[in-house]
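Order of appearance sets the numbers: ligands from 1, and atoms from 1 within every ligand. Quick note: residue numbers are just sequence positions, from 1. Only heavy atoms go into these numbers, but all of them, side chains included; no hydrogens, no water, no symmetry mates.
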Amino acid sequence: MARTAVITGVTGQDGSYLAELLLGKGYTVHGLMRRSSSFNTERIDHIYEDPHTPDRRLVLHHADLSDGVALVNLLRDVRPDEVYNLGAQSHVRVSFDAPLYTGDVTGLGALRLLEAVRASGVETRLYQASSSEMFGSTPPPQNETTPFHPRSPYGCAKVMAYWATVNYREAYGMHAVNGILFNHESPRRGETFVTRKITRAVARIQAGLQEHLYLGNLDAVRDWGYAPEYVEAMWRMLQRDEPDDYVVATGVAATVRDFLDAAFGTVGLDWERYVRHDPKYERPTEVDALIGDASKAERLLDWSPKVHYDELARIMVEADIRQLEAELSGRHVRVDR
Ligand code: NAP
Ligand code: G4F
C-alpha cells in the first residue's frame, strides 16, 4: 500500500529534501506551507505538481503551526501514516530578537501538532525535529544521554518540544520520535546561516561583486553534515518498530575559521583578506562547541554520514558559483543546480 506523509516546513531546506526522498519511495506527500505575500516555494518548485494533475503525489496546503484547529482538520482529512514536524523559526540569532514568536512556533507549535494527532484520532507516527542546540553549554561529545542546557530562546523552545514529544509517547503510547540533529547544510541552506553566508560570499568576492564579508564569532565549533544524508536518517527513525530518540551527527569538529579556510580555499583565496568582524552577528549567549556522537543511529538505523565539512564547503561554493553565473547571464537556475 502506498503510504502518505505530512511534512510541516516543506518549503525549508530539510522539508524539500525529505519531500524528494519520500516521493522517490512512492509516498504521497502533503506539504504544509505558511501563507506568504511573495513566493516561498523555490526549494520545491522542481517537484511541484499542478493541482489539476490527476493522481498527483505532492499536495500543498496552507497551514501555520500557530493554528492548532487547522492542524486537526488537516490531519483528519489526510490521515497520514507519518508526520514530520520540520516547521520552525529556526534561526538562533533571530530567536533573541523574536523570543515569544519563536517559543510559539518552534515550541508550542510542536505541542499543537501532537495534540492535533490526538484530537484527530489518526493513528500515525510522528517525527519531531529536535536540535543539538538543546545541549547548549554542556561540553561535547554530546549523545542521547547528555543533559540539556539551552543558550537561546530557540534552544529553550526546542527543549520544550523535545519533552512534549517524549511525554506524548509515554502518556498516550504515541509513536513519536525525536531526531536530535546537529548542524546540517547544503546549497539549499538559508542565506543567513553562517555556512551559506560564507559560500555565497566566496562566489560574489571571486566575481568581483563583493569586497568584504562581515561575521560574528569565528571560534565557535560545530559538527557540520550534509542535509540530504540527514533526511534519510529521519525516515529511518520512523521505520523502527519502537519509537526512540536519536542523535544524528558526523562527529567531526570544525570552527567557523576552519569552514572559512575550506570555502575560500576552494577558489584559492585567503579569507583573512576579506572577512571583517561585526558584533551584530554575535549572540548574547553563545553555544561554544557542538560535536555529536551518533553511534546509536549508526548501530540501530544503519546510518552513517559520508560528507564532512570540507567537502560540504566545496559542494556549497561550487553550487553558489553556478547560481551566480546563471543569475548574471539572466538564466533562472534552481538553488542547487
Ligand atoms: P528552515 O530551512 O529554516 O525551514 C523551516 C521551515 O519552517 C520553512 O518551511 C518555514 O517556512 C517553516 N515555518 C516557519 N514558521 C512557520 C510557521 N509559523 N508555521 C509553519 N511553518 C513555518 O529549517 P531547516 O534547516 O530545514 O530545519 C528543519 C527543522 O529542523 C527545523 O525545525 C529546525 O529548527 C530543525 N533543525 C535544523 C537543523 C539544521 O542544522 N538545519 C539542525 C537541527 C534541527 P518558510 O519557507 O515560509 O520560511
Ligand atoms: O549557522 P548558524 O546560525 O547556526 P546555529 O546557530 O548553530 O544553528 C543552526 O544549527 C542548529 C543545530 O545545532 C539548528 F537547530 C538551528 O536551527 C540552526 O540550523 O551559526 C553557527 C555558528 C554560531 O556559533 C554563530 O555564532 O556560527 C557563528 N557565526 C559567526 N558569524 C555566525 C556568524 N552565524 C551566523 N548565522 N551569521 C554570522 O554572521
Please say whether [X] places an N or O atom under 3.5 Å from an N or O atom belonging to ligand 1.
X: N183; answer: no
X: L86; answer: yes
X: A63; answer: no
X: S131; answer: no
X: S132; answer: no

Between [X] and [Y], is any pair of side-chain heavy atoms under 4.5 Å apart?
X: E133; Y: S152; result: yes
X: L32; Y: L74; result: yes
X: L126; Y: Y168; result: no
X: P305; Y: Y226; result: no
X: N183; Y: E185; result: yes

With no hydrogens and no angle check, just 3.5 Å: does a side-chain donor-acceptor pair link [X] and [Y]?
X: D77; Y: H61; answer: no
X: D223; Y: T250; answer: yes
X: S95; Y: Q89; answer: no
X: E82; Y: Y27; answer: yes

Closest non-hydrogen protein atom to [atom], residue and atom name please, with distance?
atom: atom 28 (C) of ligand 2; answer: N217 O, 3.7 Å
atom: atom 11 (C) of ligand 2; answer: S131 OG, 3.8 Å
atom: atom 18 (N) of ligand 1; answer: D64 OD1, 2.8 Å
atom: atom 14 (C) of ligand 1; answer: A88 O, 3.2 Å
atom: atom 43 (C) of ligand 1; answer: L181 O, 3.1 Å
atom: atom 30 (O) of ligand 1; answer: A129 CB, 3.4 Å
atom: atom 10 (C) of ligand 1; answer: T11 OG1, 4.1 Å
atom: atom 36 (N) of ligand 2; answer: T192 O, 3.0 Å
atom: atom 26 (O) of ligand 1; answer: D14 N, 2.8 Å
atom: atom 20 (C) of ligand 1; answer: L65 N, 3.6 Å
atom: atom 39 (C) of ligand 1; answer: H184 CE1, 3.3 Å

Q.
Quick check on H277 - does any of its heavy atoms sit under 4.0 Å from an atom of ligand 2?
A.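 No, H277 has no heavy atoms under 4.0 Å from ligand 2.
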Q. Is H91 in contact with ligand 2, taking contact as a heavy-atom separation below 4.0 Å?
A.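 Checking ligand 2 against H91, which is what was asked, there is a heavy-atom contact under 4.0 Å.
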(Q) Before we go on, tell me: are the rings of W303 and Y230 under 6.0 Å apart, centre to centre? (A)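 Between W303 and Y230, the centre distance is under 6.0 Å.
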Taking only heavy atoms of [X] into account, list the atoms of ligand 1 that are under 4.0 Å away from them.
X: Y154; answer: 33 (C), 34 (O), 35 (C), 36 (N), 44 (C)
X: V105; answer: 15 (N), 16 (C), 17 (C), 18 (N)
X: Y101; answer: 15 (N), 18 (N)
X: S130; answer: 43 (C), 44 (C)
X: S90; answer: 1 (P), 3 (O), 23 (O), 33 (C), 34 (O)

Q. Which heavy atom of G26 sits nearest a heavy atom of R57, and at what distance?
A.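 Heavy atoms of G26 and R57 come nearest at C-NH1, 3.4 Å.
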Q. So, for A164 and L111, which heavy atoms are closest and what is the spacing to 0.1 Å?
A.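 Heavy atoms only, the tightest pair is CB-CD1, 4.0 Å.
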Q) Among the heavy atoms of R189, does any lie under 4.0 Å from an atom of ligand 1? A)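 Yes, R189 has heavy atoms under 4.0 Å from ligand 1.
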Q) Going by heavy atoms, is H91 under 4.0 Å from ligand 1? A)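 No, H91 has no heavy atoms under 4.0 Å from ligand 1.
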[X] charged N/C atom sitting above [Y] aromatic ring, 6.0 Å / 45°:
X: R283; Y: F96; result: no
X: R222; Y: F182; result: no
X: R189; Y: F193; result: yes

Q. Atoms of ligand 2 less than 4.0 Å from G216 heavy atoms?
A.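 Counting from 1, the qualifying ligand atoms are 30 (C), 31 (N), 33 (C), 39 (O).
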Q.
Quick check on contacts: which atoms of ligand 2 are under 4.0 angstrom from a heavy atom of A220?
A.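 So the answer, numbered in order with elements, is 24 (O).
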Nitrogen or oxygen of [X] less than 3.5 angstrom from that of ligand 2:
X: N183; result: yes
X: V194; result: yes
X: Y154; result: yes
X: Y281; result: no

Q: Going by the side-chain contact (heavy atoms from CB on, under 4.5 Å) test, name the single residue among T8, V10, L58, V59 that passes it with H30.
A: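 Among the candidates, only V59 passes.
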Pick, from [options], the option with the minimum heavy-atom distance to [atom].
atom: atom 22 (C) of ligand 2; options: R151, R222, E191; result: R222
atom: atom 2 (P) of ligand 2; options: R196, E133, K197, R283; result: R283
atom: atom 48 (O) of ligand 1; options: Q13, M33, R34; result: R34

Q | Heavy-atom donor-acceptor pair, E49 side chain to D55 backbone, under 3.5 Å | A |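 Not a single qualifying donor-acceptor pair exists.
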Q) With under 30° as parallel and over 60° as perpendicular, where do the rings of W163 and F148 fit, or are they tilted in between? A)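 The arrangement is perpendicular - the two ring planes meet at more than 60°.
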